[in-house]
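Structure, as structure tokens:
Below, read A as the first sequence line, B as the second, and so on, with proteins coming before strands; counting in each chain starts at 1. What you are looking at is a predicted structure, and each value in this text was computed from that prediction instead of being measured.
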Protein chains: 2
Amino acid sequence: MVIEIDFNSDEAIYVQLMNQIILGIATSRLQEGDTLPSVRQMADTIGINMHTVNKAYTLLKQEGFVSIDRRRGAIVAIDVDKIKTLEEMKENLVVALAKGCCKKVSRSEVHQLIDEIFDEYDL
Amino acid sequence: MVIEIDFNSDEAIYVQLMNQIILGIATSRLQEGDTLPSVRQMADTIGINMHTVNKAYTLLKQEGFVSIDRRRGAIVAIDVDKIKTLEEMKENLVVALAKGCCKKVSRSEVHQLIDEIFDEYDL
DNA sequence: CATTGTGTTACACATATACTAGCACATCTC
DNA sequence: GAGATGTGCTAGTATATGTGTAACACAATG
């Protein structure tokens with residue numbers, strides 16, 4: 001899986017890396033059981049420091065997207081905690097939707113946007 | 001309108017302040033034409049620095065939620081740019097939905113969550 | 001047993017951001 | 001004129017981010 005980092009972005013590199021891996025899983029380019037490159041390998045490929053990759057991997061582990069095995073590296077392994085996930089999603093969405101609501105975006109327009117994004121996942 | 005800041009939060013104070021004002025507008029506690037307290041007054045009330053409030057106000061102005069008049073202070077004034085708003089929302093939602101998608105949250109569960117949030121706005 | 005590759009940890013350093021603090025200025029209200 | 005306002009400036013502290021080097025413990029392989 002190809003990782004692309006925008007060094008001019010205002011988003012931290014480790015966050016970009018996390019997001020790309022999460023998107024990879026959502027779009028099935030990464031599947032449960034797949035292994036990620038080692039921290040050193042990934043760092044070399046992208047051209048960043050090992051610690052930055054390690055930070056991304058560690059956080060992905062904490063959030064339940066991968067598990068880390070000393071022998072095989074990081075393995076895609078989803079830890080489904082739906083209640084917690086829905087709570088976190090809601091916190092995120094409340095502000096995002098409030099911004100749209102202020103700008104006169106209707107409820108149906110949001111539903112349409114959701115469908116649009118989901119359709120892109122189900123490639 | 002009462003502003004509450006969590007000083008132990010990992011979110012910056014000026015971001016919390018912005019979000020609360022945006023939520024205030026979305027829930028109609030703040031309406032178009034209402035004035036916000038002056039930067040010094042708001043800073044005193046919350047117990048933070050004037051410049052932190054000024055940063056929040058300036059960003060809210062840039063994002064089109066208020067306009068600033070030297071005579072009257074910050075006034076709630078929505079600048080509706082729907083295309084831009086939808087683009088920004090999509091960028092935000094793509095990652096948020098990907099996380100849910102990984103954790104087996106279904107499309108209908110997301111739609112339900114959206115309705116839930118919108119119902120809270122229409123108080 | 002020696003080598004290699006792995007995740008992990010520790011320390012040091014540079015840079016950027018967040019927040020606070022104080023000062024000055026032009027403008028507006030009273 | 002007196003007071004309040006938004007704005008600009010400098011400066012300091014604290015934290016976050018990214019890099020660099022090194023060392024450790026473990027597993028696989030020769």
Side-chain angles (χ1 to χ4, degrees), chain A residues 1 3-22 30 33-79 92 95, chain B residues 1 3-22 30 33-77 79 95:
Chain A
M1 180 188 160
I3 302 287
E4 287 191 8
I5 301 294
D6 176 9
F7 293 98
N8 295 323
S9 170
D10 54 341
E11 232 173 358
I13 296 176
Y14 75 96
V15 175
Q16 290 186 54
L17 183 52
M18 287 177 66
N19 287 344
Q20 297 223 14
I21 291 171
I22 290 172
L30 284 174
D34 285 356
T35 60
L36 297 170
S38 74
V39 290
R40 297 165 214 263
Q41 213 175 327
M42 176 71 91
D44 271 354
T45 306
I46 305 178
I48 61 175
N49 193 274
M50 171 192 59
H51 296 304
T52 307
V53 179
N54 189 246
K55 184 167 187 177
Y57 281 13
T58 304
L59 287 173
L60 285 172
K61 176 187 169 192
Q62 281 179 18
E63 295 184 12
F65 292 100
V66 306
S67 75
I68 294 179
D69 181 354
R70 187 175 278 282
R71 288 166 296 181
R72 296 196 291 157
I75 305 165
V76 178
I78 306 299
D79 173 27
N92 265 313
V95 178
Chain B
M1 181 188 160
I3 302 288
E4 287 191 8
I5 302 294
D6 176 9
F7 292 99
N8 295 322
S9 170
D10 54 341
E11 233 173 358
I13 296 177
Y14 76 96
V15 176
Q16 291 187 52
L17 183 52
M18 286 177 66
N19 288 344
Q20 296 223 14
I21 292 171
I22 290 171
L30 285 175
D34 285 356
T35 59
L36 296 170
S38 74
V39 289
R40 295 167 210 260
Q41 218 174 329
M42 176 72 90
D44 271 354
T45 306
I46 305 178
I48 60 175
N49 193 276
M50 169 191 63
H51 295 99
T52 307
V53 179
N54 191 51
K55 184 168 186 176
Y57 280 13
T58 304
L59 286 172
L60 284 172
K61 176 187 168 190
Q62 280 178 19
E63 295 184 14
F65 292 99
V66 305
S67 76
I68 294 178
D69 181 352
R70 186 177 276 277
R71 286 165 295 179
R72 295 196 292 158
I75 305 167
V76 178
D79 173 28
V95 178

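Atom-to-atom, CE of A:M18 to C1' of D:dT17 comes out at 15 Å; the value is rounded to the nearest Å. In this structure, A:L59 places its CG atom 13 Å from P of D:dA16, rounding to the nearest Å. To the nearest angstrom, C1' of C:dT17 lies 15 Å from CD of A:E11. Between the CD1 atom of B:I5 and the P atom of C:dA18 there is a distance of 15 Å, rounded to whole Å. For the pair B:F7 CZ and C:dC19 C1', the interatomic distance rounds to 11 Å; values are reported in whole Å. If you measure from atom CG of B:D10 to atom P of D:dA14, you get 20 Å, rounded to the nearest angstrom. Distance CE (A:M42) to P (D:dT19): 14 Å, rounded to an integer number of Å. Distance A:D69 CG to D:dC26 C1': 11 Å, rounded to the nearest Å.
Atom-to-atom distance recorded for B:T58:OG1 and B:M18:CE is 10.0 Å, nearest 0.5 angstrom. In this structure, NZ in B:K55 is found 12.0 Å from CG in B:L17, a value given to the nearest 0.5 Å. Taking NZ of A:K61 as the start and CG of A:D79 as the end, the distance is 12.0 Å to the nearest 0.5 Å. The line from CG of A:L36 to CE of A:M1 is 8.5 Å long, rounded to the nearest 0.5 Å. A distance of 6.5 Å separates OH of A:Y14 from CG of A:L59, quoted to the nearest 0.5 Å. Atom CG in B:L60 sits 8.5 Å away from atom CD1 in B:I68 (nearest 0.5 Å).
In terms of phosphate contacts, A:S38 brings no side-chain nitrogen or oxygen within less than 4.0 Å of OP1 or OP2 of C:dG5. For B:Q41 and D:dT5, the shortest distance from a side-chain N or O to OP1 or OP2 is below 4.0 Å.
Using a 4.0 Å cut-off on heavy atoms, the residues of residues 44-58 of chain B that approach DNA chain C are B:I48, B:N49, B:H51, B:T52, B:K55, listed by number.
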*For DNA chain D, what is the dot-bracket line, given that a base pair needs Watson-Crick (N1 to N3, plus N6-O4 or O6-N4) or G-U wobble (N1-O2 and O6-N3) geometry with both distances under 3.5 Å, and | means paired with another strand?*
||||||||||||||||||||||||||||||

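Comparing B:Y14 and A:L36 along DNA chain C, the residue whose closest nucleotide (by nearest heavy atom) sits nearer the 5' end is A:L36.
Atom CD of B:E4 sits in a sparse spot, with 12 or fewer heavy atoms from other residues, nucleotides or ligands closer than 6.0 Å.
Counting heavy atoms from C-beta outward, B:V66 and B:Y57 have side chains that stay 4.5 Å or more apart.
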Could you go through residues 37-51 of chain B and list every donor-acceptor pair under 3.5 Å that involves a side-chain atom there, pairing it with any protein atom two or more places apart or in another chain?
{"from": "B:S38", "atom 1": "OG", "to": "B:Q41", "atom 2": "N", "distance (Å)": "3.1"}
{"from": "B:T45", "atom 1": "OG1", "to": "B:Q41", "atom 2": "O", "distance (Å)": "2.8"}
{"from": "B:N49", "atom 1": "OD1", "to": "B:H51", "atom 2": "N", "distance (Å)": "2.9"}
{"from": "B:N49", "atom 1": "OD1", "to": "B:H51", "atom 2": "ND1", "distance (Å)": "2.9"}

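Judged by distance alone with a 3.5 Å cut-off, no donor-acceptor contact links the side chain of A:R40 to the base of C:dG5.
In the set C:dG7, C:dC19, D:dT5, the nucleotide with an atom closest to the side chain of A:I68 is C:dG7.
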